[in-house]
Asker: 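A single structure is presented below for examination.
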There are 2 protein chains.
Amino acid sequence: MQLKSLRLFMAVAETGSFVTAANQLHTVQSNVTAHIKKLEDELGVQLIQRAGRVRPTSAGLALVEYAERMLTAHDEAVSLFKGQEKACGRLRIGAMETTTAVRLPPILAAYHAAQPDVDIQIKTGPTAELVELLLDGQVDCVFVAGRLEHSRYHLLKAFSEQLVLVGSTPMTTMPSSQELLTSAFLAFRQGCSYRQRIELLLASHGVNAGRIFEFGSLDAMLGCVAAGMGYTVLPRGTVEAHQHRFGIHTLELPSSIANVDTYFAAFEPETWTPALASFADTLRDAVVVDEPQLTAS
Amino acid sequence: MQLKSLRLFMAVAETGSFVTAANQLHTVQSNVTAHIKKLEDELGVQLIQRAGRVRPTSAGLALVEYAERMLTAHDEAVSLFKGQEKACGRLRIGAMETTTAVRLPPILAAYHAAQPDVDIQIKTGPTAELVELLLDGQVDCVFVAGRLEHSRYHLLKAFSEQLVLVGSTPMTTMPSSQELLTSAFLAFRQGCSYRQRIELLLASHGVNAGRIFEFGSLDAMLGCVAAGMGYTVLPRGTVEAHQHRFGIHTLELPSSIANVDTYFAAFEPETWTPALASFADTLRDAVVVDEPQLTAS
DNA sequence: CGTTACTATCTTTTTTTGAGATAGCCTGAC
DNA sequence: GTCAGGCTATCTCAAAAAAAGATAGTAACG
């Protein structure tokens, strides 16, 4: 059974004419006869009443319902990839907590305005988990800290973050090694790339990464920092966005530790759905606009 | 886009291997490659990730959902016609009020027991309307009084009915012409073949069919007869089935007027769905069992 | 009774498909 | 690091199928 045959069959059923159906679908009448005959042979039933008026038989009418389902699904699938202008379908994005909270909202808003027919799904997690999700096909693209090693990814530097040390009291200089040793550090759960920076920071001050508490959400973490539970390391933008809600203070870190690039990563563009391709476009536009501001600051 | 290609695509997506997919669908690997490549060309997207593991891309995963819908609809359509043993789908029957009330129930019960997966729909109406429904494709088969003229029908004598005169008082002989002239006759709405019998009966007694009231339902009609509103003519079996509920009495009519055959009519068997074919079988069996009883009585 | 329009059938040409063989590539083991 | 094994892409040839045209037969209409 071929979709082409079903298309012809539906045209005959609707127009009541083999010739008209042939013209509608840009072919000749003998082919319509042949296709319908083949359908009838396959199903072992006469589908079209030829004697007198040309109309679907009982069996034909029964087939119509299924043919409609098949052809509708087919048309939708095609419009998913070949629909002009407006993309549709689904876009699954993986991103870090910090990215999701601060960087993504304006981009998603712009994207949704441009492509209102796309369903957007966000999954958050640390970089390592996100990479797994992408590899596993559970998301279409991810925002991760640092370049991915695999060569078969499409990478785009999306955001440049500056990490700052976050604590509950005002800081002008780096806390002493003693202070660092006795303090707790708060980080996202295993796999968060910022966590590596914390360890790097501690190591540069000759302190072993001892007490690191893991958190699942940004709010919880900042709340605990504000409560004096310890320090954490976060992008400056993220902290600024939350600073009015928590009594927290920041300290600049040396650029070797502070600078973190967030990359947009997906497989090759040839594998992208139009929804994803359009998102990449939106992102590129947003980055171009953002970049000068970042370097200027 | 061909269903065959989608089948292969789904097999590749599920098994993660071109070779395995080829074996599953009894073909060779080069054909799988060709089909998927053609799909990818048509949609302008890479559907399968070949580098490293073979797995569907984002676009491939999006297609999977539509492919499933198409293939499911296809499978259901095929099983509609080629499903072994159990028929499925829908069976739309047209029948007269009297047939529906008395003759059909046991047959439908037997049919439903044999084919539980078939949805049964009954439309009732007078013979002329039923013929229209059948011609119009709104029902798959009908039970009508008398043979249909059109030659391209499949006919089966389903039931032999004996019409009786029904009135509110006990009768031993035919009411007088005077009585008939002053009485009303109750019949189904225009198109009911029994109505012709009433006119035939009146004509045979030299009375013009004057006052004929039309009813839409059997119950209403019998209720009015019982209330002394007038006479009607109905199959004996129908009356007997309702006699305990209404105070009505019957009189045998001359066989030339009394005998009415109810025929099962549908288009040629080649146009039948399995559900309809199975129903015809059930009906044939029921008729064979019933017939001796009818002739014996 | 003839005309017209429609479908079935036959034939030819073109296209597509299926299968086999082979080359290249990646993976995993030693 | 190298080699073997398995996997996919590509090429080729044969077979099958589809498309298009021509023709004949048939039902509807005037």
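Reminder, nothing fancy here: chain letters follow the sequence lines and each chain counts from 1.
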Asker: Starting at CG of A:L25 and ending at P of D:dA19, how long is that distance when rounded to a whole Å?
Answerer: 11 Å

Asker: Just to confirm, is there a sub-4.0 Å distance from OP1 or OP2 of D:dA18 to any side-chain nitrogen or oxygen of A:N31?
Answerer: no

Asker: Is a salt bridge present between A:K123 and A:E129, judged by a nitrogen-to-oxygen distance below 4.0 Å?
Answerer: no

Asker: For DNA chain D, whose closest nucleotide is more 5', that of A:A51 or that of A:H35?
Answerer: A:H35

Asker: Salt bridge check, B:D281 against B:R284: does any charged N sit closer than 4.0 Å to a carboxylate O?
Answerer: yes

Asker: Which nucleotide of DNA chain C is the first, and which the last, in the 5' to 3' direction, to come under 4.0 Å of a heavy atom belonging to chain B?
Answerer: C:dT17 to C:dT27

Asker: Less than 3.5 Å apart, any donor N or O on the side chain of A:Q29 or A:T33 sitting next to an acceptor on the other?
Answerer: yes

Asker: Kindly say whether A:G94 contributes a backbone atom to a donor-acceptor pair with the side chain of A:Q138 at under 3.5 angstrom?
Answerer: no

Asker: Any heavy-atom pair between the side chains of A:L3 and B:M70 that's under 4.5 Å?
Answerer: yes

Asker: For the backbone of A:L47 and the side chain of A:T57, can you confirm whether one donor and one acceptor N or O come within less than 3.5 Å of each other?
Answerer: yes

Asker: Quick one: does any side-chain atom of B:R92 pair with a main-chain N or O of B:G137 as donor and acceptor, under 3.5 Å?
Answerer: yes

Asker: Do you see a donor-acceptor pair shorter than 3.5 Å between the side chains of B:T72 and B:E76?
Answerer: no

Asker: Using only atom types and a distance under 3.5 Å, with no angle test, would you say the side chain of A:K86 pairs donor to acceptor with the backbone of A:A114?
Answerer: yes

Asker: Rounded to whole Å, please give me the gap between NE2 in A:H26 and P in D:dA20.
Answerer: 11 Å

Asker: Starting at CZ of A:R7 and ending at P of D:dA18, how long is that distance when rounded to a whole Å?
Answerer: 17 Å

Asker: Please tabulate, one pair per line, each protein N/O and nucleotide N/O from nucleotides 7-11 of chain D that are separated by under 3.5 Å, including the distance.
Answerer:
{"residue": "D:dT8", "atom": "OP1", "partner": "B:F18", "partner atom": "N", "Å": "2.7"}
{"residue": "D:dT8", "atom": "OP2", "partner": "B:F18", "partner atom": "N", "Å": "3.2"}
{"residue": "D:dT8", "atom": "OP2", "partner": "B:V19", "partner atom": "N", "Å": "2.9"}
{"residue": "D:dA9", "atom": "OP1", "partner": "B:R50", "partner atom": "NE", "Å": "2.5"}
{"residue": "D:dA9", "atom": "OP1", "partner": "B:R50", "partner atom": "NH2", "Å": "3.4"}
{"residue": "D:dA9", "atom": "OP2", "partner": "B:T33", "partner atom": "OG1", "Å": "3.0"}
{"residue": "D:dA9", "atom": "N7", "partner": "B:Q29", "partner atom": "NE2", "Å": "2.8"}
{"residue": "D:dA9", "atom": "N6", "partner": "B:Q29", "partner atom": "OE1", "Å": "3.1"}
{"residue": "D:dT10", "atom": "OP2", "partner": "B:K37", "partner atom": "NZ", "Å": "2.9"}

Asker: Would you find a donor on one side and an acceptor on the other, under 3.5 Å apart, between the side chain of A:Q49 and the backbone of A:R55?
Answerer: no

Asker: Using 30° and 60° as the class boundaries, would you call the ring planes of A:F143 and A:F159 parallel, tilted or perpendicular?
Answerer: parallel

Asker: When the axes are fitted on five pairs at both termini, how much does the helix from C:dC1-D:dG30 to C:dC30-D:dG1 curve, in 10° steps?
Answerer: 40°

